[in-house]
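A note on names: the letters A, B, ... follow the listed sequences, proteins ahead of strands, and every chain is numbered from 1.
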2 protein chains.
Amino acid sequence: MALGHAIMTALLEDELSGYELARDFETSLGFFWQASHQQIYLELRKLSDKGWLSKREVSQSGKPNKIVYGLTTDGREALAEWVFSTTRNQAAKDNLLVKLYNLDADNVAHLAGEITARREEMMRRLYLYAKIRRRHYEQPETLPTRRKGVYLALALGIRQGEQFLAWCDEALDLLATVET
Amino acid sequence: MALGHAIMTALLEDELSGYELARDFETSLGFFWQASHQQIYLELRKLSDKGWLSKREVSQSGKPNKIVYGLTTDGREALAEWVFSTTRNQAAKDNLLVKLYNLDADNVAHLAGEITARREEMMRRLYLYAKIRRRHYEQPETLPTRRKGVYLALALGIRQGEQFLAWCDEALDLLATVET
DNA sequence: GTGTATAATGCAAATAATTGCACAACAACC
DNA sequence: GGTTGTTGTGCAATTATTTGCATTATACAC
């Protein structure tokens with residue numbers, strides 16, 4: 001029930017609707033936990049059924065009304081408990097690396113293309129990360145406790161991202177040595 | 001059908017049994033794609049049904065007999081095709097980072113413990129990576145084509161791993177500033 | 001008033017992955 | 001002879017995730 005906990009985490013400080021959660025999951029928390037809107041709506045219902053979330057309809061003008069969810073006391077407790085659970089970590093699954101095991105003269109150009117695309121995507125993401133850090137996390141030691149944790153997640157994203165860029169360059173160089 | 005392709009990739013050069021695949025998936029390819037033995041046996045049956053794998057019983061002495069699987073011509077073709085498919089990327093789902101968003105005075109000690117454990121695990125893994133690189137991938141430019149791809153996967157693992165260690169240190173330092 | 005875009009919520013079916021169990025061959029130790 | 005450990009294969013049930021629809025409200029441009 002990991003997605004449930006990610007959603008509850010997103011609701012720690014704000015009430016959010018399913019639509020907003022789905023949108024936010026493409027940034028912020030979503031950098032290391034993605035979910036489609038279908039999955040989010042389903043999970044919201046499950047969490048509500050368990051009594052961990054409360055729902056409330058909000059009238060809007062200029063847009064359809066929305067249903068916002070907030071953590072209940074039970075939800076807050078369950079989340080706090082979950083943090084103490086020992087979760088086995090799931091190492092990343094990446095198709096690109098599996099594909100690289102199949103490298104040959106025929107597909108080298110295609111794989112170089114995929115790497116280039118991923119590199120560009122990562123550049124954009126890093127740009128965003130850098131902006132967020134500059135704006136909100138300039139001096140991590142002075143942040144309130146919870147924000148320190150958020151900063152650390154961001155910091156890992158930045159480190160891994162930068163390393164990924166360097167790897168892309170190395171990979172493209174090596175792929176260039178493959179004779180076609 | 002990503003697991004299927006990972007299995008087929010593992011069978012590119014060798015015939016392997018389900019048990020051997022499950023074991024190998026804990027190293028090598030398994031560094032970025034893990035699967036339980038149940039999943040592997042199920043997938044092997046599916047791939048056989050499709051005609052992408054052939055099976056063959058092998059008598060053994062001192063151990064129970066095993067059933068080894070090998071790529072058929074159809075399987076080889078399907079795999080080669082898959083490499084050209086555009087696969088939307090990755091999972092990168094990590095409970096630890098979600099947990100960090102919940103950082104507070106109560107759980108800081110626990111989270112520091114989790115990070116320490118992950119750090120140690122990564123140290124062991126990096127040690128293994130380093131050994132593999134030293135033994136088999138000393139001069140990447142001189143490798144045969146397919147091995148260049150395998151090397152690149154390893155190289156990414158090493159880069160990301162080293163960065164992760166550095167992050168663990170940063171994280172532990174910052175967590176030490178949290179007042180309990 | 002018709003098409004297009006965005007905001008908003010959801011169901012159903014299929015596929016993927018995990019968890020829990022079961023069983024059998026063989027070795028080696030006590 | 002019994003227990004424990006490794007090798008080996010598998011099913012069933014559950015949970016998680018993806019894919020493919022489906023629908024409603026509102027704004028805006030043509």
Checklist line | Rounded distance (Å) that lies between atom P of dT15(C) and atom NZ of K46(B) | finding: 8 Å
Note to self: OP1 or OP2 of dT6(C) versus the side-chain N and O atoms of R23(A): is any pair under 4.0 Å?
What the structure shows: no
Notebook entry, point to check: More than 12 heavy atoms of other residues, nucleotides or ligands under 6.0 Å from CZ of R133(B): is that the case?
Noted result: no
Check: What nucleotide, of dT9(C), dT17(D), dA17(C), holds the atom closest to the side chain of I67(A)?
Finding: dT9(C)
Distances under 3.5 Å between nitrogen or oxygen atoms of protein and nucleotides 18-20 of chain D:
from	atom 1	to	atom 2	distance (Å)
dT18(D)	OP2	Q39(A)	OE1	3.1
dT19(D)	OP2	R88(B)	NH2	3.2
dG20(D)	O6	Q38(A)	NE2	3.2

Note to self: Identify the stems formed by DNA chain C, where each pair is Watson-Crick or G-U wobble with both distances under 3.5 angstrom and a stem is at least 3 consecutive pairs.
What the structure shows: C:1-30 with D:1-30
Next item on the list: Round to a whole Å and report the spacing from CG of D24(A) to P of dA8(C).
Entry: 11 Å
Note to self: Nearest whole Å is fine: how far is dT9(D) P from R56(B) CZ?
What the structure shows: 13 Å
Next item on the list: Take the protein atom CG of L47(B) and the nucleotide atom C1' of dT15(C), then report the distance between them rounded to whole Å.
Entry: 14 Å
Check: Atom CG of L21(B) and atom C1' of dG10(D): how far apart are they, to the nearest Å?
Finding: 15 Å
Margin query: Could you work out, with salt bridge (Lys or Arg N to Asp or Glu O under 4.0 Å) as the rule, every residue matching E43(B), not counting sequence neighbours?
Written below: none
Polar atom pairs between nucleotides 25-30 of chain C and protein, under 3.5 Å, N or O only, would you list them?
none

Check: Do T145(A) and D104(B) get their side chains close enough for a donor-acceptor pair, meaning under 3.5 Å?
Finding: no
Check: Just how far is it from atom CZ of R124(B) to atom CD of E120(B), taken to the nearest 0.5 Å?
Finding: 6.5 Å
Next item on the list: State whether Y41(A) places a side-chain N or O below 4.0 Å from either non-bridging phosphate oxygen (OP1 or OP2) of dG10(C).
Entry: no
Check: What is the distance from CZ of R45(A) to P of dA16(D), rounded to the nearest Å?
Finding: 14 Å
Margin query: Quick check against the 3.5 Å criterion: does D74(A) have a side-chain atom that pairs as donor or acceptor with the backbone of E77(A)?
Written below: no
Next item on the list: Only pairs at least two apart or in different chains count here, so list each ring-ring contact (aromatic ring centres under 6.0 Å, His included) that has a residue in residues 159-180 of chain A.
Entry: F164(A)-W167(A)
Notebook entry, point to check: For I40(A) and dG10(C), what is the distance between atoms CD1 and C1' respectively, to the nearest whole Å?
Noted result: 13 Å
Checklist line | Integer-rounded Å distance: dT7(D) C1' and L16(B) CG | finding: 15 Å
Check: For residues 39-83 of chain A, which residue pairs qualify under ring-ring contact (aromatic ring centres under 6.0 Å, His included), counting only residues two or more places apart or in two chains?
Finding: H5(A)-W82(A), H37(A)-Y41(A)
Item checked: Polar side chain donor-acceptor pair, Y129(A) to E162(A), under 3.5 angstrom -> no
Note to self: Please pick, from dA8(C), dT9(D), dT17(D), the nucleotide with the shortest atom-to-atom distance to any side-chain atom of K66(B).
What the structure shows: dT9(D)
